[in-house]
Amino acid sequence: MESVGVDLWVNGHDHTAQVACSVVKDGSQSNKVTHFMTNGVGGYDLHALRAQSEWSQETQYANNTYHGFAVHRVTKDSIATYFLDDKGDVQHDFVIRRTRTTC
């Protein structure tokens, strides 16, 4: 994904809510940042997650303990994502800005 310039990769099959990010340094101030988002919280607790101490450095959030869904707010400069549980309570939220050069 990083090598072809993908900014955001979204999928929804892992039965977890996950956010990850990687940076490809290009020798300038405009590093290439790729964000990865998995929304699969409709089938929680089907897959074990590694302990947080074992997450890769790219993993910023992972949870498989609730049923829910994701809501996205997209503008020309950012995407805000909210992982909600089945009661509509926000379990995690994050914003990805277009101009980011770091995770």
Just how far is it from atom [atom1] of [X] to atom [atom2] of [Y], taken to the nearest 0.5 Å?
X	Y	atom1	atom2	answer
H72	I96	NE2	CD1	10.0 Å
L49	N63	CG	CG	7.5 Å
F94	H35	CZ	NE2	9.0 Å
Q18	T38	CD	OG1	5.0 Å

On a heavy-atom basis, which atom in [X] and which in [Y] lie closest, and how many Å separate them?
X	Y	answer
V71	F69	CG2-CE1, 3.8 Å
S22	F36	OG-CE1, 3.8 Å
L84	Y66	O-CE1, 3.8 Å

Same apolar cluster (I L V M F W Y, side chains within < 4.5 Å links), L8/F83: yes

Hydrophobic cluster membership, V10 vs V74, 4.5 Å side-chain cutoff: yes

Backbone N or O of R50 within a donor-acceptor pair of the W55 side chain at under 3.5 Å? yes

So, the side chain of T75 versus the backbone of D77: is there a donor-acceptor pair under 3.5 Å, distance only? yes

Is T34 close to C21 at the side-chain level, that is, under 4.5 Å between some pair of heavy atoms? no

Among pairs that include at least one residue of residues 87-98, which meet side-chain hydrogen bond (donor to acceptor under 3.5 Å, both in side chains), considering only residues two or more places apart or in two chains? D85-Q91

